[in-house]
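Here is the structure we will look at, set down as structure tokens.
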Amino acid sequence: MDKQIIDQFIKNAVAEDLGDGDHTSLSTIPANAQGKAKLLIKEDGIIAGVELAVEIFNYIDAKLVTEVMITDGSEVKYGDIALTVSGSTHSILLAERLVLNCMQRMSGIATKTNRIVGLLTAYPTKLLDTRKTTPGLRYLEKWAVRIGGGVNHRIGLYDMILIKDNHVDYAGGISNAIKAANQYLADKGKELQIEIEVRNLSELNDVLTTRGVDRIMLDNFSFADLKTAVNLIDGRFVTEASGGITEENVVEYAACGVDFISMGALTHSVKSLDMSLKAC
């Protein structure tokens with residue numbers, strides 16, 4: 001966990017919610033009231049965000065006491081209690097919605113990721129996320145993917161060169177784009193991996209002729225073409241399948257022999273796991 005990123009996220013999230021005060025709590029509950037609450041699981045799945053919840057409670061009020069019963073990555077069932085928190089009632093209520101919003105979203109992502117990773121156990125293929133994340137929540141969503149057993153692709157535009165279809169078209173072709181990327185890294189003294197997306201076998205042949213990349217993304221390939229592509233690449237480059245991959249067909253993609261499968265749906269189309277924070 002990157003504490004600097006987490007602290008900044010919590011600061012922004014609390015400011016967004018609090019405004020000039022929690023007037024409901026201020027008007028109904030004595031300022032010195034003390035209480036205890038439990039985080040109740042209301043749906044089976046994989047829990048994620050417990051470590052973040054502890055950070056949120058500590059950030060809002062260092063005197064809050066959190067007791068964790070179930071750790072990140074564990075299977076949970078309806079009725080489980082993941083943690084309890086005790087101390088200032090006002091502080092607990094201020095933290096409540098932020099904790100739930102984060103944990104429900106992260107647990108939904110971890111649950112979906114874990115389920116798909118489980119489908120791939122017969123293959124060496126690893127499951128990747130993408131940059132199709134909620135703005136401001138990318139760190140948390142990619143953290144949840146890891147908790148669920150998936151692997152993070154690049155975090156942003158800065159930690160890898162990924163030459164996609166638009167880059168190829170604007171650069172004037174596969175060869176131009178690859179050569180320009182390598183020249184850029186040499187000029188800037190940077191060491192970044194280069195991945196290129198190809199849309200068909202013709203573009204793949206251009207890459208194999210030009211070389212100069214670390215990974216090849218095979219985008220929206222049919223199963224027949226994907227198998228052909230993997231055979232043509234023959235282990236010379238890391239392979240990644242993307243585009244049109246769902247929970248229903250992911251095993252067929254893995255069976256084609258690719259090293260990675262990337263799925264934007266892990267983060268952009270996920271159902272949150274139901275849970276609530278209830279007063280004890």
Checklist entry - Quick one: hydrophobic cluster around L26, which other residues, with the 4.5 Å side-chain cut-off, linked directly or via members? => result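 Other cluster members: none.
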Item to check | Transitive ILVMFWY cluster of V151, excluding itself - 4.5 Å side-chain cut-off | outcome: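 Hydrophobic cluster check, V151: joined to L128, V238, F260.
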Checklist entry - Crowded around Y184 OH? As in, over 12 foreign heavy atoms under 6.0 Å? => result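 At most 12 heavy atoms, drawn from other residues, nucleotides or ligands, come within 6.0 Å of this atom.
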Do [X] and [Y] come within less than 4.5 Å of each other through their side chains, counting heavy atoms only?
{"X": "L226", "Y": "V258", "result": "yes"}
{"X": "K164", "Y": "D219", "result": "no"}
{"X": "I47", "Y": "M103", "result": "yes"}
{"X": "E75", "Y": "I46", "result": "yes"}
{"X": "N58", "Y": "L64", "result": "no"}
{"X": "L208", "Y": "F237", "result": "yes"}
{"X": "D259", "Y": "R215", "result": "no"}
{"X": "F221", "Y": "K227", "result": "no"}

Testing [options] for side chain to side chain contact (heavy atoms under 4.5 Å, CB included) with [X], which one passes?
{"X": "T66", "options": "V54, T84, I56", "result": "V54"}
{"X": "E197", "options": "E203, H167, M217", "result": "M217"}
{"X": "V198", "options": "V207, V168, N205, D165", "result": "V207"}

Do [X] and [Y] belong to the same hydrophobic cluster, where Ile, Leu, Val, Met, Phe, Trp and Tyr are linked whenever their side-chain heavy atoms lie under 4.5 Å apart, directly or via other members?
{"X": "I147", "Y": "L39", "answer": "yes"}
{"X": "V76", "Y": "V117", "answer": "no"}
{"X": "V213", "Y": "L232", "answer": "yes"}
{"X": "L162", "Y": "I261", "answer": "no"}
{"X": "M1", "Y": "M106", "answer": "yes"}

Please check this pair: side chain of [X] against backbone of [Y], looking for a donor-acceptor N/O pair closer than 3.5 Å.
{"X": "S25", "Y": "H90", "answer": "no"}
{"X": "D159", "Y": "G156", "answer": "yes"}
{"X": "T134", "Y": "L137", "answer": "no"}
{"X": "N176", "Y": "G172", "answer": "yes"}
{"X": "D80", "Y": "A82", "answer": "no"}
{"X": "R138", "Y": "I155", "answer": "yes"}
{"X": "Y139", "Y": "D2", "answer": "yes"}

Can you tell me how far apart [atom1] ([X]) and [atom2] ([Y]) are? Round to the nearest 0.5 Å.
{"X": "T246", "Y": "Y253", "atom1": "OG1", "atom2": "OH", "value": "8.0 Å"}
{"X": "K11", "Y": "I6", "atom1": "NZ", "atom2": "CD1", "value": "15.0 Å"}
{"X": "L83", "Y": "I70", "atom1": "CG", "atom2": "CD1", "value": "9.0 Å"}
{"X": "L201", "Y": "T228", "atom1": "CG", "atom2": "OG1", "value": "6.0 Å"}

Checklist entry - Checking side-chain contact (heavy atoms from CB on, under 4.5 Å) for the pair T209/D206: CA distance, chi angles, key distance, verdict? => result CA-CA 5 Å; T209 299; D206 289 343; 5.6 Å; no
Checklist entry - Applying the side chain to side chain donor-acceptor pair (under 3.5 Å) test to K142, which of T130, N152, D129, T267 qualifies? => result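 It is D129, the one option of T130, N152, D129, T267 that forms the side chain to side chain donor-acceptor pair (under 3.5 Å) with K142.
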Checklist entry - In terms of side-chain heavy atoms, does Q8 have a donor or acceptor partner in N12 at a distance below 3.5 Å? => result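 There is such a pair between these side chains.
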Checklist entry - Does the side chain of N220 come under 3.5 Å of the side chain of R199 through a donor N or O and an acceptor N or O? => result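 Per modelled atom types, N220 and R199 side chains form no pair under 3.5 Å.
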Item to check | Full working for side-chain contact (heavy atoms from CB on, under 4.5 Å) between V99 and V85 | outcome: CA-CA 11 Å; V99 165; V85 58; over 6 Å; no
Checklist entry - How would you list, by chain and number, every residue that makes a salt bridge (Lys or Arg N to Asp or Glu O under 4.0 Å) with E96, sequence neighbours excluded? => result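 With sequence neighbours excluded, E96 shows a salt bridge (Lys or Arg N to Asp or Glu O under 4.0 Å) to no residue whatsoever.
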Checklist entry - For R211 and R236, what are the C-alpha separation, side-chain angles and deciding distance, and is it a side-chain contact (heavy atoms from CB on, under 4.5 Å)? => result CA-CA 10 Å; R211 304 179 68 84; R236 289 175 287 172; 3.9 Å; yes
Next on the checklist: Under the criterion side-chain contact (heavy atoms from CB on, under 4.5 Å), I'd like the reasoning laid out for D225 against N200: C-alpha separation, chi angles, the key distance, then a yes or no.
Outcome noted: CA-CA 8 Å; D225 283 352; N200 50 57; over 6 Å; no
Can you give the donor-acceptor pairs under 3.5 Å from side chains of residues 269-280 to other protein atoms, not counting sequence neighbours?
unit_1, atom_1, unit_2, atom_2, d
K271, NZ, E43, OE1, 3.1
K271, NZ, E43, OE2, 2.9

Hey, can you pull the donor-acceptor pairs under 3.5 Å for the side chains in residues 185-195, sequence neighbours left out?
unit_1, atom_1, unit_2, atom_2, d
D187, OD1, Q183, NE2, 2.8
E195, OE1, H153, NE2, 3.1

Checklist entry - Do any pairs count as a side chain to side chain donor-acceptor pair (under 3.5 Å) and have a residue in residues 106-126, sequence neighbours left out, and if so which ones? => result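 Non-adjacent pairs meeting side chain to side chain donor-acceptor pair (under 3.5 Å): R115-E247.
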